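On a predicted model such as this, the values are computed, not experimentally measured, just so you know. Letters A, B, ... are given to chains in the order of the sequence lines, protein chains preceding strands, and every chain is numbered from 1.
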Amino acid sequence: MPYTTNDIKRIEEKWQQYWAVNKIFAAREDAGRKKYYVLEMFPYPSGKIHMGHVRNYTIADVIARYKMMRGFNVLHPMGYDAFGQPAENAAIKRGVSPSDWTYKCIDDMRSGLSRMGFSYDWDRELATCDASYYKWNQWIFLKMFEKGLAYKKGSPVNWCPSCETTLANEEVINGACWRCKSEVVQKDLEQWYLKITQYAEPLLADLKKLDNWPERVRAMQENWIGKSFGTEIYFKVKGTDEVIKVFTTRADTIFGATYVTLAPEHPLTKKLAQGTPQEKAVAAFIEKAANTSKSLRVSGDERKEGVFTGAYAINPVNNETVPVWTADYVLMEYGTGAIMAVPTHDQRDFEFARAHNLPMRVVIQDSARPTLTPQQMTKAYEDAGVLVNSAQFDGTPNEEAKKKITEWMDASGMGKFQIHWRLRDWLISRQRYWGTPIPIIYCPTCGAVPVPEKDLPVALPKDAPITGEGGSPLAKVKAFVEVKCPQCGKDARRETDTMATFFDSSWYFLRYCDAHNDKVIFDQKAAAYWMPVDQYIGGIEHAILHLLYSRFFTKFLKDLGLVSCEEPFTRLLTQGMVLKEGEVMSKSRGNVVDPDEVLARFGADTLRLFILFAAPPEDQLEWNASGLEGNWRFLNRIWNAVEGRYKSDVRRQTSDVQPDAEDKKLELERNSAIKKVTDGMEGGFKFNTAISAVMVLMNAVDKYETGQAADVGHQADKQLFLNRALETVVLLLAPFAPHFAEELWEMMGERPVDVGRETSDVKRPASKPGHKASVAFEPWPAFDEAALKTDSVRIAVQVNGKVRGQFEVPRDADEAVLRAIVLADEAVQRHVAGKEIRKFIVVPNKLVSLVV
RNA sequence: GCUGGAGUGGCGGAAUGGCAUACGCGUCGGUCUCAAAAACCGAUGUCCUCGCGGACUUGUGGGUUCAACUCCCACCUCCAGCACCA
């Protein structure tokens, strides 16, 4: 009987129920067992699960199940990143409450996840929108407030006009809102920030420790944090007491600074122009820059606009008087908002100087061809060289000069070494409803007062009017806003903004260690046991946002003494997207494949197998319906072989048996399959090749004949080898196709032979004798090195680098033997005939190479 | 521009410097069938050749080596992230 659609449904339900009822994946701390924490980035509950989820969680599940079979105490939890704007949008569109909508979606997702057979510890399930969770968001916020890491300031912020809320720098993608793609504008607002910049140094330095993270994620974070070493130089403004501080990484070019440029927003820009003939022009320019969107200002590289401020500054190194300009290409948010312009050695300054007829001076020459002159130059010379026109520094190589000049300036008060960071503090205030209320109370007398810990959580009121416009919905809930000051008892008002939802996801991995603790954020011992996450799996889209914030929170909580690890995620795997016809599956493109439809026809195991087999986990995966059928056929072949050929009444041990050549061949295939799958799992989760190794073994099983042996006794022996091979197939496949493996394992009955089990000092949960117990905790099969060594090997023969033949030779044959065999061959002779053999190279058991 | 990654059959993809194209899909041929589907068996990089066999082939061009998809140099293309960052 084949493995039919009906069987699939019955089998999958049966085992899903078995796993759930027996809670076999519930994790317990056990100091005597080695732990392994597998985590996938938890989903935003937007409705049913999609193929992207299926891929992400299947990868994680295979790892979790594999590690269980290897004897690890595995923690594999699941939860929901449940706060966020889509719930509010649904509320506006459908007239349901964000809470009802979210919990409905969570139910849908949970049942979708269950149908895939994922090995979660459901006892630890959490949703960030539960007060029992966000209470601890507020608690962390208060701790940060206490340490001065959460603070409020008025400053220009990124504002999404469509979402009507502020955004963090990390949420602005190419000048647009990451969520709705509307153009982001700048707005001056009082907002709450987290001082992530205080952790810039360790966040950067510890990236080096994350050598099991993809290189590109580390590179992206490094660029984002953006440490640059440079010099701050002071230019006095002529005739005033004002000083312009500029930041440069090219102190070596200071003698070539022929003017100074301020950002339009720089406070001195307007001030310096006052009373000069340029006053009106400067005011107009500032006005124009303020009204130009940042993305437009930054877009065109050709157009560099600016005006003279009317003021002059003194270059401290040579007391030269240089004009002060303002230009749109200087950004207020980087460095000091002011630069020294060196047109000969900076391309932007060069373009600007040419456009506005500003003076230039060459101060670095290519040591090989010192021929640069300002008149001839068509672009800035930004390469290395030696200094000229630079007083006592003439002739110094420019890299060396950076340090020497800065030291010299520092000694005489002209400037100093300075480090600048690209990273900004994290703006977390959101003018939205469906998030964690910020636990602050504003008192007219006491100012911003933290909500006392005993009053947590500050509960999100259920009845806020959600319209999507007109500011924070919480501000309209009188009962929420009006409160007494915890310090003086007078009338006060609550903060009505909520936290950015990335706050919620920055520490959820810690809460899983002790998910239902209502006394403390989590038990420190539990966290010390489980943390750090050994393997984290998720999308590359979180390379900066979520992963950087989580690292920041972990470091902060470590400083509080709550966790013992520096970094939350030891290994990171970023899975590729699921494509169809070359495009990302998405509802808007209308090219989605619904996992439910695939489940109904082929079942979870085939779907899992297809997703893992079709591409390496990090690569993009092209959906392919006939590939899916191929994997279904593969499972069928195994099913038919076990049902038709496996005999559980054969009970002899393999050591009693004398194998013939065919038996040895099967054993070789069996052992090399174990080796290949194991190596693939240990060496970076190469699921596609691991599955192909099982396919190769299955091909060998199909070719293996048990009925041909002359005597009946040997037929029974052959059955033994067949049984052994089939059991190995089922065990190797168990992490990939768990329901299928459980069913076959049960069908196999009492365990008749030894598959060659892994021996290890790691304790395992007791498993019942025979095959009745779940295959999930069966020891992973071990391979036998000796069986991999055949008596003879096939080697190739090359003549002058070209393959001219293949030979079956004894293992480890020496050169003399090989020479005799190889040179006797007619095909080799044809290419060697009459020529002198200059070299005879032997690569043991692989090939010989002749040079004639 | 900077940073990271990738270019291998008709397709997805495989190869610690050692027989390129494993495994799967597709295609072609066959078995079974009245027929089809399913299943099973076989073939399948390109070119020349009836065949034996030979030549060529991992983005391009060089180099190192007995031997290069793999190492080195230069370049091209594509993907991703960042970007008037001083």
With a 3.5 Å limit on both atom pairs, tell me what B/G17 is paired to, counting Watson-Crick and G-U wobble, or say none. none
Taking any strand in view, what nucleotide pairs with B/G1 in a Watson-Crick or G-U wobble way, both distances under 3.5 Å? B/C82
Taking the six-membered ring of A/F840, is the NZ or CZ of A/R819 close enough (under 6.0 Å from the centre) and on axis enough (within 45°)? yes
A/V803, nearest nucleotide to its side chain (from B/G12, B/G24, B/A20): B/A20
Whole Å only: how far is the CD1 atom of A/I544 from the P atom of B/C82? 6 Å
With a 4.0 Å cut-off on heavy atoms, is A/P214 in touch with a base, just the backbone sugar-phosphate, or nothing at all? nothing
B/C79 versus B/U8 - spacing of their P atoms, nearest Å: 15 Å
Looking at A/R216, does any N or O in its side chain come under 4.0 Å of the phosphate oxygens OP1/OP2 on B/C79? no
Both distances under 3.5 Å, Watson-Crick or G-U wobble: report the partner of B/C50, or none. none
B/U49 versus B/G10 - spacing of their C1' atoms, nearest Å: 25 Å
Find out whether the Lys NZ or Arg CZ of A/R571 is both under 6.0 angstrom from the six-membered ring centre of A/W213 and within 45° of the ring's axis. no
How far, in whole Å, is B/A15 from B/G24 if one measures between their P atoms? 16 Å
Counting the atoms with a prime plus P, OP1 and OP2 as sugar-phosphate, which does A/N699 contact under 4.0 Å by heavy atoms, base, sugar-phosphate, or nothing? sugar-phosphate
Checking understanding here: a glycosidic angle within 90° of 0 is syn, the rest anti, so what is B/G42? anti
Taking for A/A693 and for A/K703 the nucleotide of RNA chain B with the nearest heavy atom, the one nearer the 5' end belongs to A/A693
Partner nucleotide of B/C25 by Watson-Crick or wobble geometry (both distances under 3.5 Å): B/G10
Measuring only the P atom in each nucleotide, how far is B/A36 from B/U27? A whole number of Å is fine. 16 Å
Provide the Watson-Crick or G-U wobble partner of B/C32, both distances under 3.5 Å; none if there is no partner. none
In Watson-Crick or G-U wobble terms, both distances under 3.5 Å, what is the partner of B/A68? none
Check whether the side chain of A/S849 and the base of B/C66 form a donor-acceptor pair under 3.5 Å. yes
In plain terms, say whether A/E171 and A/R179 are close enough for a salt bridge, that is, a side-chain N and a carboxylate O under 4.0 Å apart. no
Under 4.0 Å between a side-chain N or O of A/R422 and OP1 or OP2 of B/A83? yes
For the side chain of A/F613, starting at C-beta, report the closest nucleotide among B/C25, B/C56, B/G12. B/G12
One thing to verify: whether A/E669 and A/K665 come together as a salt bridge, which I'm taking to mean a side-chain N less than 4.0 angstrom from a carboxylate O. yes
Polar side chain donor-acceptor pair, A/Q806 to A/R794, under 3.5 angstrom: yes
Donor + acceptor pair across side chains of A/Y549, A/E170 (<3.5 Å): yes
Donor on one side chain, acceptor on other, A/N591 and A/E581, under 3.5 Å: no
Rounded to whole Å, CD of A/Q347 lies from P of B/C84 at a distance of 15 Å
When you measure from the side chain of A/F247, which nucleotide among B/A86, B/G5, B/A22 comes out closest? B/A86
Whole-Å distance between B/C79 P and A/Q620 CD? 11 Å
Of the candidates B/G24, B/C19, B/G81, the side chain of A/M220 sits closest to B/G81
Which class fits the ring pair A/F502 and A/H542: parallel under 30°, tilted 30 to 60°, perpendicular over 60°? perpendicular
Using atom C1' in both nucleotides, what's the gap between B/U57 and B/A68 to the nearest angstrom? 14 Å
A/K846 has a side chain; which of B/G54, B/U16, B/C25 sits nearest to it? B/U16
What is the distance, rounded to the nearest whole Å, between atom CZ of A/F350 and atom C1' of B/A86? 17 Å
Proximal nucleotide (of B/C23, B/A86, B/A15) relative to the A/V696 side chain: B/C23
B/U58 - base-pair partner by Watson-Crick or wobble geometry, distances under 3.5 Å: none
A/Y334 atom OH is separated from B/C82 atom P, nearest whole Å, by 17 Å
Go through B/A86, B/C82, B/C66 for me and flag the one nearest to the A/I339 side chain. B/A86
Residue closer to the 5' end of RNA chain B, A/R348 versus A/V843 (nearest nucleotide): A/V843
Is the closest side-chain donor-acceptor distance between A/T728 and A/R670 under 3.5 Å? yes
What nucleic acid atoms does A/E215 come within less than 4.0 Å of, heavy atoms only: base, sugar-phosphate, or nothing? sugar-phosphate
Would you measure the distance from the C1' atom in B/U77 across to the matching atom in B/U60 and give it in whole Å? 10 Å
Give A/R424 one of three labels, base, sugar-phosphate or nothing, depending on what nucleic acid heavy atoms sit under 4.0 Å from its own. nothing
Measuring to OP1 and OP2 of B/G18, would you say a side-chain N or O of A/N845 lies under 4.0 angstrom away? no
At under 4.0 Å, does any side-chain N or O of A/R633 touch on OP1 or OP2 of B/G26? yes
Would one find a side-chain N or O of A/K676 under 4.0 angstrom from OP1 or OP2 of B/A14? no
Is A/H831 close enough to B/G53 that one of its side-chain N or O atoms is under 4.0 Å from OP1 or OP2 there? no
My understanding is that a pair needs two contacts under 3.5 Å, Watson-Crick or G-U wobble. By that rule, which nucleotide pairs with B/A38? none
Are any of A/N800's side-chain N or O atoms less than 4.0 Å away from OP1 or OP2 of B/C66? no
Separation of the C1' atoms in B/C76 and B/C23, to the nearest angstrom: 32 Å
Just compare B/G18, B/A86, B/C25 and give me whichever is closest to any side-chain atom of A/Q798. B/G18
Check the distance between B/A6's P and A/I540's CD1 and give it to me in whole angstrom. 13 Å
A/K227 NZ to B/U3 C1', straight-line distance once rounded to whole Å: 18 Å
Would you mind classifying the nucleic acid contact of A/G226 as base, sugar-phosphate or nothing, using non-hydrogen atoms under 4.0 angstrom? nothing
Expressed in angstrom and rounded to an integer, what is the separation of A/E618 atom CD from B/A14 atom P? 10 Å
Whole-angstrom distance between B/G59 and B/G54, as gauged at atom P: 26 Å
Using distance alone, with no hydrogens and no angle criterion, decide if A/S228 and A/T249 have a side-chain donor and acceptor under 3.5 Å apart. no
What's the closest nucleotide to the side chain of A/A615 if the choices are B/G13, B/C25, B/A14? B/G13
Between B/G12, B/G54, B/A86, which one does the side chain of A/R804 approach most closely? B/G54
